[in-house]
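Data first, discussion second: the structure below is written as structure tokens.
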Amino acid sequence: MFTKVLIANRGEIALRVARTCRELGIATVAVYSTADRDSTVTAFADESVHIGPPPAGRSYLSAPALVEAVRRTGADAVHPGYGFLSEDPDFAEVCAEEGIVFVGPDWPVLERLGDKASARELMLSAGLPLLPGSGGVCATEAECLRTAARLGLPVIVKAVAGGGGRGMAIARDEASLPAVYRETRATAQSLYGDGRVYVERYLDGARHVEIQVLADRHGNALALGDRDCSVQRRHQKLVEETPAPGLSPATREAMALAAVHGVRTAGLVGAATVEFLVDSDENFYFLEVNARLQVEHPVTEMVTGVDIVEQQLRLAAGEPLTLGEQDVRGRGAAVECRLNAEDPDRDFRATPGTLEVFHLPGGPFTRVDTHCVPGATISPYYDPLLAKIVTWGVDRRAALRRMDRALAEVRIEGPGVSVNTALLRRVLADPDFAAGTYSTALLTEMLTASGSAR
Amino acid sequence: MFTKVLIANRGEIALRVARTCRELGIATVAVYSTADRDSTVTAFADESVHIGPPPAGRSYLSAPALVEAVRRTGADAVHPGYGFLSEDPDFAEVCAEEGIVFVGPDWPVLERLGDKASARELMLSAGLPLLPGSGGVCATEAECLRTAARLGLPVIVKAVAGGGGRGMAIARDEASLPAVYRETRATAQSLYGDGRVYVERYLDGARHVEIQVLADRHGNALALGDRDCSVQRRHQKLVEETPAPGLSPATREAMALAAVHGVRTAGLVGAATVEFLVDSDENFYFLEVNARLQVEHPVTEMVTGVDIVEQQLRLAAGEPLTLGEQDVRGRGAAVECRLNAEDPDRDFRATPGTLEVFHLPGGPFTRVDTHCVPGATISPYYDPLLAKIVTWGVDRRAALRRMDRALAEVRIEGPGVSVNTALLRRVLADPDFAAGTYSTALLTEMLTASGSAR
Amino acid sequence: MSTPPTEAGQLVEELGRQARRLAAEVPGGLCRVSVRAGDATVELEWAASPDPRPAPEPEPEAGETDETGETVDAPLVGTFYHASEPGGPPFVRVGDVVAQDTVVGIVEAMKMMNKVLAGRAGTVTGVLVPDGDLVEYGQPLIALASGG
Amino acid sequence: MSTPPTEAGQLVEELGRQARRLAAEVPGGLCRVSVRAGDATVELEWAASPDPRPAPEPEPEAGETDETGETVDAPLVGTFYHASEPGGPPFVRVGDVVAQDTVVGIVEAMKMMNKVLAGRAGTVTGVLVPDGDLVEYGQPLIALASGG
């Protein structure tokens with residue numbers, strides 16, 4: 001096992017990773033930009049390195065800064081968290097060259113899975129069901145129109161380099177397709193420096209269900225159950241739960257098998273999530289592989305009792321997977337709500353500011369992951385996630401009632417700071433959500449119906 | 001089920017009970033003394049009633065104030081928490097007369113178990129193993145000396161009306177016995193208005209192990225596993241864990257059977273804990289029944305997934321126990337540490353004051369129960385418990401390492417306020433504790449060896 | 001540091017008032033008082049530590065007169081009665097002059113009748129709670145003007 | 001509101017200094033500045049919202065000169081070299097007079113050599129980091145007195 005791990009991230013996930021390192025007796029190195037100088041993880045970690053100014057491009061996204069921080073502190077591994085460089089094949093390659101263990105898949109695997117077109121091909125070859133699509137990059141507008149004519153509308157145009165809900169747009173009719181195509185190309189070019197896009201049939205009213213997988217270097221892989229992440233705003237997840245409600249055991253098992261097979265086919269080592277769209281007939285279609293820790297991993301932890309970060313570290317250190325099916329059998333249900341400093345009434349605009357009051361819930365079967373403390377300042381440079389509230393219950397209903405109790409305890413106040421607590425409670429109260437019959441359209445429909453997010 | 005429950009308590013346990021009520025859709029009434037006017041549970045509950053001035057005798061211990069508060073709010077049940085009136089047969093009887101459901105055993109059961117001499121007799125008749133003792137009240141000094149001569153020294157002199165670690169003293173030799181006898185009688189008279197005492201052989205180096213039991217009105221009873229609570233200061237628990245380390249499965253099962261049988265024999269309905277002393281040969285001896293929720297119940301909740309407060313409410317409402325052995329099978333291990341505002345270096349003197357900084361841990365498999373917030377004032381009128389930190393792990397070692405990580409995150413500061421965090425971490429680091437081979441002598445030995453609590 | 005006649009000053013004054021009120025309700029053993037507003041702090045500490053045992057229960061018959069002298073407050077939770085029996089003449093009416101030991105009402109708690117005494121001399125200016133209402137501890141029952 | 005010459009006043013002043021320093025390091029998009037100490041608050045807000053995309057990475061070659069003008073700080077994490085080659089003459093020595101674009105050292109990060117410029121005119125009064133040491137972002141490298 002490692003003796004010192006540098007955590008190449010910030011916010012709640014940096015603290016999350018540092019906690020498990022501490023529990024395993026591994027020394028921790030935090031890194032921080034000037035904006036995060038007084039952060040909780042900096043105080044928690046054994047050492048800290050100031051890696052750059054607030055803009056992520058010169059700090060958390062700067063591979064040279066991170067590699068030099070590793071050299072300076074003598075860490076033997078880097079945990080990238082989620083976002084930032086967590087799925088960057090170049091960073092993983094540099095780490096490998098420098099003799100630093102990257103806690104994640106090998107860089108060629110990241111490269112293959114990061115290109116959404118090649119990931120599609122790979123999973124197709126592994127026999128996973130895919131939505132009908134362009135079968136590769138759609139190089140011209142004409143090709144895009146031909147593909148859409150073949151697939152039928154609506155279609156979704158996606159950036160090859162995209163992921164995590166960014167760089168994608170839906171075209172509902174032929175007339176709008178050329179504009180959608182051009183805009184997605186332009187967005188992809190500006191976001192990723194890679195304008196290539198592909199086209200897939202778009203499923204209305206589908207659910208977003210994902211399988212958590214662990215895989216070692218010795219040919220063992222294991223699914224840790226599924227998560228439903230259909231409650232999304234602008235393709236960004238807001239509420240996640242496990243197990244996905246209402247799926248038949250047969251579908252659940254078939255998805256888990258497909259996910260494990262896909263991960264093995266990709267040669268992936270570590271923790272990964274295979275995302276699927278599931279239609280109302282329980283047909284499921286491969287979406288993408290997230291070859292990293294997910295924001296929503298705690299729901300799986302609460303139900304299975306597995307510390308996924310510990311598993312990542314062990315797997316990255318080359319240890320064999322010692323968990324079997326019997327060790328990861330889920331108990332009960334868990335749900336996570338993301339508390340964001342954002343204003344649902346103003347198109348979810350981030351509302352940075354100082355948290356004068358910051359009170360989060362606790363008590364039975366309630367987990368809180370946060371990097372914030374009273375008096376902390378939420379910087380405009382990074383994502384507006386303040387805290388993750390996770391509750392467990394013997395069944396879905398108990399977990400959801402507990403979540404509503406927990407959200408009612410939240411008190412966060414500060415000048416200019418708006419928090420999405422009320423919207424989260426509205427989701428819990430929504431009849432479709434409560435019945436477990438919701439799809440990715442839920443939040444949009446809720447907001448459209450009320451004309452307001454509150 | 002009830003529609004409105006009045007919580008006849010304060011502090012963390014009042015909030016704990018209110019949370020489960022909320023989750024079950026039951027309206028809550030908080031009560032408060034003048035010192036607790038701005039408490040967290042008062043803000044949380046649906047209604048609050050000001051029941052008296054700060055001294056508990058005129059507020060939390062005043063049965064008339066509580067009964068009138070129930071009448072005023074129309075609550076149909078009272079949850080007494082722990083301490084205060086939770087095991088008071090008179091209060092339970094008054095509730096019964098007034099048509100209020102007391103969430104706890106019927107008053108005759110409380111009366112029988114509250115008198116330690118009659119509880120001993122009852123459990124003896126149920127076949128539970130008891131330490132050799134006076135077999136009833138020791139009415140005179142001469143009788144006490146005769147009994148001690150028969151039992152052999154050391155002996156422990158206990159108040160018949162005592163419990164929860166109060167009203168007891170050990171005599172190690174014949175010469176000191178008369179003074180110990182007289183002092184215990186005097187203490188018992190002043191604490192409980194009942195000077196009767198009895199005598200038992202005292203076991204050095206024994207462990208304090210207890211069994212959590214649930215029992216319904218329909219003849220069903222179930223054990224939820226055991227807890228080791230041997231880490232005590234002045235007979236007050238400080239660290240508790242489940243499962244009790246190192247016990248053989250046969251002993252564990254025998255204790256659970258004895259506890260369930262004892263509870264049934266007593267005719268007890270609700271949640272109760274049967275306490276035993278266990279010697280180094282795994283002989284176990286009945287100590288007492290705590291016919292109420294215990295401070296340390298969360299460790300059992302984390303391992304079994306059972307919400308014990310929910311079960312109390314259901315059982316008090318007359319519902320049958322629907323849990324079976326298969327529903328309460330423990331997973332992993334859990335440990336609880338009590339954060340007290342007290343100074344271990346000054347004989348654990350309470351250190352009330354204002355909490356200027358109040359930061360508690362969170363994250364994976366970590367539960368926090370507290371009623372405190374930054375800026376809160378800890379009153380000198382009540383016990384100094386600030387928070388309970390509970391951690392879970394796949395095994396004991398993982399739970400303890402996690403606890404040490406969690407305790408290292410605690411930051412509590414205020415003028416004059418001392419917190420026992422460092423002592424708790426010293427317990428975790430103690431070789432005997434780490435090996436799971438400790439007894440009730442652990443803390444005394446630690447403090448004696450170092451000459452200091454830090 | 002002098003207290004400026006500002007909002008902060010008013011805050012301090014109000015905090016002080018609350019502290020004194022709290023202190024007055026407590027039978028003994030007050031150990032430390034701290035009043036803070038922003039950076040301004042007043043702190044008092046006594047040498048004796050508070051008695052950890054519950055205080056002996058005083059016979060709750062005197063009403064608690066709040067320190068502004070404006071009201072007689074309920075000395076315990078229960079039902080407030082204006083008269084000693086249903087339909088009987090009320091203990092006091094608006095305009096009545098009362099002495100310290102004048103009975104101004106009764107609070108019934110668990111069938112025990114607890115007399116409420118005025119606690120100080122004055123003139124009744126209001127009966128604040130209807131006959132037979134359930135009151136909580138400290139709830140103002142009778143408005144009382146100083147003197148008589 | 002006038003700032004009194006107290007500890008709180010000094011705190012506010014220092015906070016203001018930090019805020020200005022932070023603002024100076026950021027390429028653009030500053031949206032709100034709030035400085036608070038106890039009850040005293042200074043707040044500035046601009047209409048434009050910050051650009052959510054990462055700023056284009058500037059070529060990190062200029063050292064960041066801190067606003068007191070006392071030090072030239074590391075523009076990135078890496079190894080600080082006094083000279084362009086091992087054993088070569090150092091870029092600057094104590095007493096040297098430098099111009100804004102004088103190279104005062106090199107920070108190597110992942111085999112890329114990044115020149116550190118003085119950033120302003122002055123006289124070198126100290127070389128604060130030994131040759132070959134690993135430095136973090138913002139670490140003072142060279143002490144510089146104003147003028148020359």
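Here is how names work: the chains are called A, B, and so on, in the same order as the sequence lines, proteins then strands, and each is numbered from 1. Computed from a prediction, not measured in an experiment: that's the story for all the values here.
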Legend entry - By salt bridge (charged side-chain N to carboxylate O under 4.0 Å, His left out) - contacts of Glu12(B) (at least two apart): Lys388(B)
Legend entry - Choice from Met403(A), Glu409(A), Arg367(A), Arg22(A) maximising heavy atom contacts with chain B below 4.5 Å: Arg367(A)
Legend entry - Pick from Arg397(A), Arg16(A), His359(A) with the largest number of heavy-atom pairs that fall under 4.5 Å of chain B: Arg16(A)
Inset, instruction - Could you tell me which of Pro364(A), Pro361(A), Gly362(A), Gly332(A) has the largest number of non-hydrogen atom pairs under 4.5 Å with chain B? - result: Pro364(A)
Legend entry - Atom pair CG/OG1 of Asp369(A) and Thr366(B) - distance to nearest 0.5 Å: 8.5 Å
Inset, instruction - For Arg402(B), enumerate each residue passing the salt bridge (charged side-chain N to carboxylate O under 4.0 Å, His left out) test, keeping only those at least two apart in sequence or located in another chain. - result: Glu23(A), Asp307(A)
Inset, instruction - Name the option with the most non-hydrogen atom pairs under 4.5 Å to chain A; the candidates are Gly363(B), Gly375(B), Ala408(B). - result: Gly363(B)
Inset, instruction - Can you sort out the partners of Phe365(B) under ring pair (Phe, Tyr, Trp, His ring centres under 6.0 Å), two or more places apart, ordered by chain and number? - result: Trp392(B)
Inset, instruction - Name the region of Val368(A), side chain, backbone, both or neither, that has any atom closer than 4.5 Å to a heavy atom of chain B. - result: backbone
Inset, instruction - Measure distances from Val309(B) to the heavy atoms of chain A and classify the residue's part below 4.5 Å as side chain, backbone, both or neither. - result: neither
Legend entry - Side chain / backbone / both / neither for Leu400(B) at chain A, heavy atoms under 4.5 Å: neither
Legend entry - Atom pair CG/CZ of Asp327(B) and Arg331(A) - distance to nearest 0.5 Å: 10.5 Å
Inset, instruction - Could you list which of residues 296-304 of chain A have a heavy atom closer than 4.5 Å to any heavy atom of chain B, in residue-number order? - result: Glu301(A), Met302(A), Val303(A), Thr304(A)
